[in-house]
Amino acid sequence: MQTQTKRYDFTPIVDRSLVSFPKKERVAVVIYINLEHFPEDRPGPAIVPHTAHFMPDSLNYGWRDYGQRVGIWRLMETLDKYGLPASVCLNSDVCREYPRVVEEGSKRKWDFMGHGRNNSEIVNGLSLEEEAALIEDTLTVIAEATGEKPKGWLSPFLTETHATPDLLAERGIEYLCDYTCDDLPFQMKVKKGSLLGMPYSVECNDLPSALTFGASAEDFGRIIRDQFDVLYEEGERIPRVHPIALHPFISGQAFRTKHLAAAFAHILSRKDVWVTTSGEINKWYRQQHLRSRIV
């Protein structure tokens, strides 16, 4: 059995060496799009939990499938309108089930991360061999579909074993989004290689906001704007990363996209904002911050 390892040091953000974004921006905004596949014979997120145990569960399966058939295209149009890039948390099964979606993301030069084979296959409880195979299969399929091996990873439902960070770093993953504990990247402890913790959010995230907290579409738009406003003010002293996590079957609904677009417009109305991808933040941090520590 794997023993638990403390994966990162406690370093309060106010005690760290000052960092600065490439053009001295106050806030780096990262829009995560979760492109996921939920097999029809397994449970997944449910808008009506009462039928989630049915096989088939046509109600919830159809609701989720709206994301690939309609919702993602609406989100693409919205991001295109505002010239916004996306960081994609990609289930590798999506490459087989919905290749058209991946093709369009590639055309837009979206940044693809590994996100497991599908979002019904939970990592916690897997053996070392099973988890290693899952990671390798995921990375291989995504590399074949997009032409580039992912450097980032978000585990399905952010679930891990005690070995997950080590297995990822050994296979060339450079950053992990499972630990939502910071406003800036931070170093994680792994046996081999180098792994960063990358800011991600379970608060500015449409899935728990809608399904757990019961936030309305307008509420979620306000959450994004309020989070940005506070980080923007704090960013005058210490820059911050503002992750926004979206799922096409939720934010791809028309009444939600309306308020999401208003939040994007609000963000873009400010100067000194870096709208970027998790991959670009990984590159910036490694080139500027980790290098300065070595020197």
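None of these values were measured; they are calculated from a predicted model.
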Glu280 versus Asp111, closest heavy-atom pair with distance: N-OD2, 4.2 Å

Tell me whether Glu203 at atom CD has more than 12 heavy atoms from other residues, nucleotides or ligands lying less than 6.0 Å away. no

Determine, for Lys189 against Asp166, whether the closest basic-nitrogen to carboxylate-oxygen distance falls under 4.0 angstrom. no

Taking the side chain as everything from C-beta on, heavy atoms only, tell me whether Met188 gets closer than 4.5 Å to Leu196. no

Side chains of Ile47 and Leu59: closer than 4.5 Å at any heavy-atom pair? yes

What pairs of residues pass the side-chain hydrogen bond (donor to acceptor under 3.5 Å, both in side chains) test when at least one of them lies in residues 66-89, not counting sequence neighbours? Tyr66-Arg74, Asp80-Arg108, Ser87-Ser278

Answer yes or no: does atom CD of Glu130 have more than 12 heavy-atom neighbours from other residues, nucleotides or ligands under 6.0 Å? yes

Find out if a path of hydrophobic residues (ILVMFWY) with successive side-chain heavy-atom gaps under 4.5 Å connects Val30 to Met113. yes

So, Ser194 versus Glu174: side-chain donor-acceptor pair below 3.5 Å or not? no

Could you tell me the separation between the CG atom of Asn282 and the OG1 atom of Thr277, rounded to the nearest 0.5 Å? 9.0 Å

Report all side-chain donor-acceptor pairs from residues 147-155 shorter than 3.5 Å, counting only partners two or more places apart or in another chain.
unit_1	atom_1	unit_2	atom_2	d
Lys149	NZ	Arg171	O	2.7
Trp153	NE1	Ser155	OG	3.1
Ser155	OG	Thr159	O	3.3
Ser155	OG	Asp178	OD2	2.7

Using 0.5 Å steps for rounding, measure from the CG atom of Leu268 to the NZ atom of Lys271. 15.5 Å

Value rounded to 0.5 Å, distance of CD in Gln227 from CD1 in Ile224: 10.0 Å

Tell me whether the centres of the aromatic rings in Tyr200 and Tyr32 are closer together than 6.0 Å. yes

Quick check on the hydrophobic clustering: are Val48 and Leu211 connected, directly or via other members, by side-chain heavy-atom contacts under 4.5 Å? yes

Shortest non-hydrogen contact from Ile31 to Leu79? CD1-CD2, 3.9 Å

Would you indicate whether the side-chain heavy atoms of Val273 and Glu25 approach each other to under 4.5 Å? no

How about Glu36 and His115: does a side-chain donor come under 3.5 Å of a side-chain acceptor? yes

Would you call Trp284 and Pro22 a side-chain contact if the rule is heavy atoms closer than 4.5 Å? yes

Pro248 and Leu35: which non-hydrogen atoms are nearest, and at how many Å? CG-CD2, 3.9 Å

Please determine, by modelled atom types, if His242 and Asp183 share a side-chain donor-acceptor pair under 3.5 angstrom. no

Look up atom CD1 in Ile72 and atom CZ in Arg100, then write down how far apart they are to the nearest 0.5 Å. 12.0 Å

On a heavy-atom basis, which atom in Ile223 and which in Cys204 lie closest, and how many Å separate them? CG2-SG, 3.8 Å

Pairwise side-chain contact, Leu90 with Cys95, heavy-atom cut-off 4.5 Å (strictly under): yes

In the structure I gave you, are the side-chain heavy atoms of Phe264 and Leu84 within less than 4.5 Å of one another anywhere? yes

Hey, could you give me the CD/CH2 distance between Gln253 and Trp63, rounded to the nearest 0.5 Å? 8.0 Å

Lys107 bridged to Glu103 by N-O distance under 4.0 Å: no

Test item: Ile244 and Ile267 side chains (from C-beta on) under 4.5 Å apart, heavy atoms: yes

Centroid-centroid under 6.0 Å between His37 and Tyr98 rings: yes

The reported gap from CD in Glu234 to CZ in Arg240 (rounded to nearest 0.5 angstrom) is 4.0 Å

Is the Lys NZ or Arg CZ of Arg64 less than 6.0 Å from the centre of Phe38's six-membered ring, within 45° of the axis? yes

Residue pair Cys177 / Leu158: nearest heavy atoms and the distance that separates them: O-CD2, 4.3 Å

Do Asp15 and Ile13 have side-chain heavy atoms sitting under 4.5 Å apart? no

Residues Arg256, Asp206: salt bridge by 4.0 Å N-O rule: no

With distance as the sole test, does Thr164 use its side chain to make a donor-acceptor pair with the main-chain N or O of Thr161 at under 3.5 Å? yes

If you count heavy atoms of other groups shown closer than 6.0 angstrom to CZ of Phe10, is the number above 12? no

Check this for me: does any side-chain nitrogen of one of Arg222 and Asp219 sit under 4.0 Å from a carboxylate oxygen of the other? no

Distance under 6.0 Å and angle within 45° of the ring axis: does Arg270 meet both against Tyr232? yes

Does Asp182 use its side chain to pair, donor to acceptor, with the backbone of Pro185 at less than 3.5 Å? no

Which heavy atom in Asp137 sits nearest to a heavy atom in Arg117, and how many Å separate them? OD2-NH1, 2.7 Å

